[in-house]
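Presented below is the structure to which this report refers.
Remember, predicted model here, so these are calculated numbers, not experimental data. Proteins get letters first, then strands, A, B, ... in listed order; numbering begins at 1 in each.
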2 protein chains.
Amino acid sequence: MVRGVKRRDYAQYCGIARALELVGERWALLVVRDLTVRPRRYTDLQEGLRGIPTNVLSTRLKELEQAGIVERRVAPAPRRGVVYTLTEVGRALEPALIALGRWGSSQLGEPQPGYVASPDGAVLNLRGAFQPSEAAGLTASWELRLGDTVIHARLADGALTSGLGPVEDGADLVITARFEEGEPPAYRSFVKAAREGRVDLDGPRELFDTFLRVFTYPQACERDLPTPR
Amino acid sequence: MVRGVKRRDYAQYCGIARALELVGERWALLVVRDLTVRPRRYTDLQEGLRGIPTNVLSTRLKELEQAGIVERRVAPAPRRGVVYTLTEVGRALEPALIALGRWGSSQLGEPQPGYVASPDGAVLNLRGAFQPSEAAGLTASWELRLGDTVIHARLADGALTSGLGPVEDGADLVITARFEEGEPPAYRSFVKAAREGRVDLDGPRELFDTFLRVFTYPQACERDLPTPR
DNA sequence: CTGCATCCCCTCAGATACTG
DNA sequence: CAGTATCTGAGGGGATGCAG
């Protein structure tokens, strides 16, 4: 073992290797994903990341805090407790998350039984599906309803803001997905439903076509999930 | 354990989670990084990823091939052997690699003793440093010499092509870094040398300033910088 | 309740030796 | 050159305990 090199380091002076050292551990980027959308408490994260062992979540949060990516704060009077947020450094990971989500979405097969979908994941996948070139100059707002999950997307002269919850002062178009049995409330499922016409619209129909152009991409590289060995 | 969910899966119907299932294992994205720049043999990869255990490299390559990211081919007559390349799906990971590298570069400290730098990593980090807005409409070519590593970058009306080796029919400007003792031939070290004037130029000086504008981003702890000759 | 810490178990990574 | 075989230990998965 060379001096100055911790065992789990890659020992490469490279941005990609450094990124993987900091957020390459298991579950780490999913923690960042959820915190990118909104601040969360420990138990919120446990729910959004269903299946994460409590000791792993605890360890990741400490490591991410140590790395200056996550901030741990004690919440004020009503609903006291601990709230985790991203630092500026942590928020700077969003482009990487979006790029990974863009690629991974193209590699999603059919939802497996037992698969879940977190609202935070849906927001990030929406942002990954966004096609700026199709949105140039547009101004409009949409409200997407994926089961209990409500997402807003607003274009102001082609610039996107998006997040959880409804659009303030009403969306131009509300799109409610009619999910089938067992279909998780993921963004990908929402797009599938929209393409197949399994949606209810409240607003001008042409804005629905605009939505499909601006917030989806051709699912060229589709493939099935590998069969368990 | 729920049916249909392998133990190491995240069991989330989310593009980011899917990406991490496919390329989130240790060393996996670094293998893809090296293959993004050029096809490589097994031993090439071992050298570029110094420190990777041979059984892990072997396992990762099989997994990546299984996932349709990497292709294994037997090379033709001269220099027979096995050559690994990326598939279309694998090449589609480049934006994610670049985004991760951009972020990770901002988190790189001083090079630790024992750290190495692969030529392939330098190319990807160059692409991550590229600022399209600063390059709009520009046409020019640079050759960067980082020790034994030679990188070319060519702008054609603002569009970048880059890779290893010199520019065909000569670069407009050749920039040779004068590295200090122990400084690894990484892109970040090259930028540092350039900013501190530790470079030799062969070509018009104004193209050097253009290079700094187009291929670097502000890094922490910037100070007044001496001008190179 | 929330926010962890501790336990055991087992998988996978690290290191090294060896082979078609 | 392109891996396989084997051993060991770190770290993740899962259940449980417990303090504020």
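Sequence neighbours left out, the pairs with a member in residues 24-52 of chain B that pass ring-ring contact (aromatic ring centres under 6.0 Å, His included) are A:Tyr10-B:Trp27.
Remark: A:Glu196 engages A:Arg198 in a side chain to side chain donor-acceptor pair (under 3.5 Å) (not counting sequence neighbours). Judged as a side chain to side chain donor-acceptor pair (under 3.5 Å), and not counting sequence neighbours, the contacts of B:Arg127 are B:Glu94, B:Ser162. Residues passing the ring-ring contact (aromatic ring centres under 6.0 Å, His included) test with A:Phe215, sequence neighbours excluded: A:Phe130, A:Trp142, A:Phe211. Not counting sequence neighbours, the partners of B:Arg60 by the side chain to side chain donor-acceptor pair (under 3.5 Å) test are B:Glu63. B:Pro166 meets the side-chain contact (heavy atoms from CB on, under 4.5 Å) test with B:Glu143, B:Val150; sequence neighbours excluded. Scored by the side-chain contact (heavy atoms from CB on, under 4.5 Å) test, A:Arg18 finds A:Glu21, A:Leu22, B:Gln107, B:Leu108 as partners (sequence neighbours excluded). Remark: B:Thr85 engages no residue in a side chain to side chain donor-acceptor pair (under 3.5 Å) (not counting sequence neighbours). Every residue meeting the side-chain contact (heavy atoms from CB on, under 4.5 Å) condition with A:Val116, not counting sequence neighbours, appears here in chain and number order: A:Arg50, B:Gln12.
Note that SG of A:Cys14 and CG of B:Leu124 are 7.5 Å apart. Values are rounded to the nearest 0.5 Å.
Between A:Arg41 atom CZ and C:dC1 atom P there is a gap of 14 Å when expressed in whole angstrom units. In this structure, the CD1 atom of A:Ile52 is 10 Å from the P atom of D:dG12, given to the nearest Å. Atoms CZ (A:Arg8) and C1' (C:dA15) sit 14 Å apart, rounded to a whole Å. The CH2 atom of A:Trp27 sits 12 Å away from the P atom of D:dG12 (whole-angstrom rounding). In this structure, OH of B:Tyr10 is placed 10 Å from C1' of D:dG12, rounded to the nearest angstrom. In this structure, B:Glu63 atom CD and C:dA13 atom P are separated by 7 Å, rounded to whole Å. Rounded to whole angstrom, the span from the CZ atom of B:Arg26 across to the C1' atom of C:dA15 amounts to 14 Å. Rounded to an integer number of Å, the gap from A:Leu49 CG to D:dG14 P is 14 Å.
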Anything under 3.5 Å between a protein N or O and an N or O of nucleotides 3-5 of chain D, put it in a table, one pair a line.
unit_1, atom_1, unit_2, atom_2, d
D:dG3, OP1, B:Arg72, NH1, 2.3
D:dG3, OP2, B:Arg72, NH1, 3.4
D:dG3, OP2, B:Tyr84, OH, 2.4
D:dG3, N7, B:Thr54, OG1, 3.4
D:dT4, OP1, B:Lys62, NZ, 3.2
D:dT4, OP2, B:Ser58, OG, 2.6
D:dT4, OP2, B:Lys62, NZ, 3.2

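At a threshold of 4.0 angstrom between heavy atoms, the contacts of B:Arg80 with the nucleic acid are absent.
A heavy atom closer than 4.0 Å to some atom of DNA chain C occurs in no member of residues 28-40 of chain A.
Using five terminal pairs a side, the axes of the helix from C:dC1-D:dG20 to C:dT19-D:dA2 at its two ends make an angle of 40°, given in steps of 10 degrees.
In the displayed structure, A:Arg91 atom CZ is contacted under 6.0 Å by more than 12 heavy atoms of other residues, nucleotides or ligands.
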